[in-house]
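Taking it in order: structure first as structure tokens, then the write-up.
Keep in mind it's a predicted model, so treat the numbers as computed, not measured.
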Amino acid sequence: MVVGVLALQGSFNEHIAALRRLGVKGVEIRKPEQLQNVSSLIIPGGESTTMAKLAEYHKLFPALREFVKMGKPVWGTCAGLIFLANKADGQKIGGQDLVGGIDCTVHRNFFGSQIQSFEAELSVPKLASKEGGPETFRGVFIRAPAVLEVGPDVEVLADYPVPSNKVLYSSSTVEIQEENAMPEKKVIVAVKQGNLLGTAFHPELTADTRWHSYFLKLTGEVGEGTSSSIVAVEGEDLSFNQQPKIDLPIFQ
């Protein structure tokens, strides 16, 4: 079985490399007819507007929507999550759905601009219960979205606390000046609905392949007994007991 990776723009090469570490073939998808040859699909992170324009140019949207309607597993990371959300910024994206499928509202660029990218330890007990390893995952957020609202059929897999001076609305994020004016809130950064998975962060940019293994098991690509923890890169020891190196600031 083969996993497709939408390869219009963004981090599709990194997803294919992560799949390769798990012994699974990933193929680049750029044309509608190519979707007929894959069992599941990853929509990578990138620039959502650019990806949408390219998908429209290549007439991919009808095929992508049909792929989702057929119940085939699809995972969206960062911009890919925006593609799979039913609403973005409180309304349909560009006046219409992109792909849709996950009953949630996404706020694009919730955490700020490119220079405000960061890494953070996320609590992921549900991922750990399925894939083993620690109950935390190092999330890489790059101009990242956040999920503000979910429907009753959506399972929340990870959330992240935001400072008390951020007030969350479905249409915008408003800064207020008074310290402690609002209690600490959490925004959702990983969701699952049926065979659809969405993460606001970039697992493909880490050596921890548990999210990829978790997704693959939706189609039985990886057996339940398969170990998919952290894979060593260039001889580096990345055991679970080792503290990860912090390369980007924590969101404040």
Side-chain angles (χ1 to χ4, degrees), residues 6 39-45 48 52 61-62 64-111 120 122-131 135-137 139 141 144-164 166-174 182-203 210-220 224:
L6 192 64
S39 56
S40 55
L41 178 70
I42 297 174
I43 304 177
S48 59
F61 279 125
L64 290 170
R65 293 177 190 130
E66 183 62 25
F67 197 90
V68 169
K69 289 180 180 178
M70 291 173 64
K72 293 187 177 183
V74 182
W75 174 20
T77 62
C78 196
L81 168 61
I82 297 171
F83 267 55
L84 292 178
N86 284 351
K87 292 182 180 180
D89 299 336
Q91 57 188 354
K92 290 185 177 181
I93 304 170
Q96 63 178 359
D97 294 327
L98 291 185
V99 178
I102 299 179
D103 185 12
C104 69
T105 297
V106 170
H107 189 295
R108 292 181 287 184
N109 302 335
F110 175 86
F111 294 101
L122 304 174
S123 176
V124 289
K126 293 180 181 179
L127 178 69
S129 69
K130 293 287 187 180
E131 302 300 324
E135 291 194 351
T136 59
F137 183 90
F141 293 80
V147 178
L148 303 187
E149 299 171 352
V150 296
D153 296 326
V154 177
E155 181 180 6
V156 176
L157 301 179
D159 53 29
Y160 186 70
V162 295
S164 58
K166 277 192 175 286
V167 185
L168 306 183
Y169 297 96
S170 60
S171 60
S172 63
T173 302
V174 181
M182 292 286 289
E184 183 179 74
K185 291 180 175 288
K186 290 184 177 181
V187 292
I188 300 166
V189 294
V191 291
K192 177 180 178 293
Q193 182 174 359
N195 282 341
L196 302 179
L197 179 65
T199 56
F201 48 93
H202 290 263
R210 287 181 294 165
W211 282 104
H212 287 82
S213 177
Y214 180 85
F215 174 68
L216 292 171
K217 286 176 181 175
L218 295 178
T219 48
E224 290 295 328

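Looking at Arg65, its side chain does come within 3.5 Å of a backbone N or O of Leu98 through a donor-acceptor pair. Not one N or O on the side chain of Asn109 forms a donor-acceptor pair closer than 3.5 Å with the backbone of Ala144. With hydrogens and angles disregarded, a donor-acceptor distance shorter than 3.5 Å links the side chain of Lys126 to the backbone of Val156.
With contacts defined as side-chain heavy-atom distances shorter than 4.5 Å, the pair Leu148/Phe110 qualifies.
We find the CD1-NE2 distance between Ile42 and His212 to be 5.0 Å, quoted to the nearest 0.5 Å. Distance check, rounded to the nearest 0.5 Å: OH of Tyr160 to CZ of Phe201 gives 12.0 Å. To the nearest 0.5 Å, atoms OG (Ser48) and CD1 (Ile43) are separated by 12.0 Å. Atom CG of residue Asp103 and atom CG of residue Leu196 lie 11.0 Å apart, to the nearest 0.5 angstrom.
Nearest heavy-atom pair, Gly100 versus Val68, reported as atom, atom and distance to 0.1 Å: O-CG1, 3.9 Å. Between Leu122 and Asp159, the shortest heavy-atom distance links the atoms CD2-O, 4.2 Å. Between Ser213 and Glu131, the closest heavy-atom pair is OG-OE1, 2.8 Å. Between Ile102 and Gly198, the shortest heavy-atom distance links the atoms CD1-N, 4.2 Å. Here the shortest heavy-atom pairing between Thr136 and Arg210 reads O-NH2, 2.9 Å.
Relative ring orientation between Phe137 and Trp211 is described as perpendicular, the plane-to-plane angle rising above 60° on a 0-90° scale split at 30° and 60°.
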message: side chain to side chain contact (heavy atoms under 4.5 Å, CB included) for Val187 and Phe111? Distances and angles first, verdict last.
response: CA-CA 10 Å; Val187 292; Phe111 294 101; 3.8 Å; yes

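Every residue meeting the side-chain contact (heavy atoms from CB on, under 4.5 Å) condition with Lys192, not counting sequence neighbours, appears here in chain and number order: Glu155, Leu157, Leu197, Tyr214, Leu218.
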Tabulate below the donor-acceptor pairs under 3.5 Å that side-chain atoms of residues 69-83 make, not counting sequence neighbours, or state none.
unit_1	atom_1	unit_2	atom_2	d
Trp75	NE1	Thr199	OG1	3.2
Thr77	OG1	His15	NE2	3.2
Thr77	OG1	Gly45	N	3.1

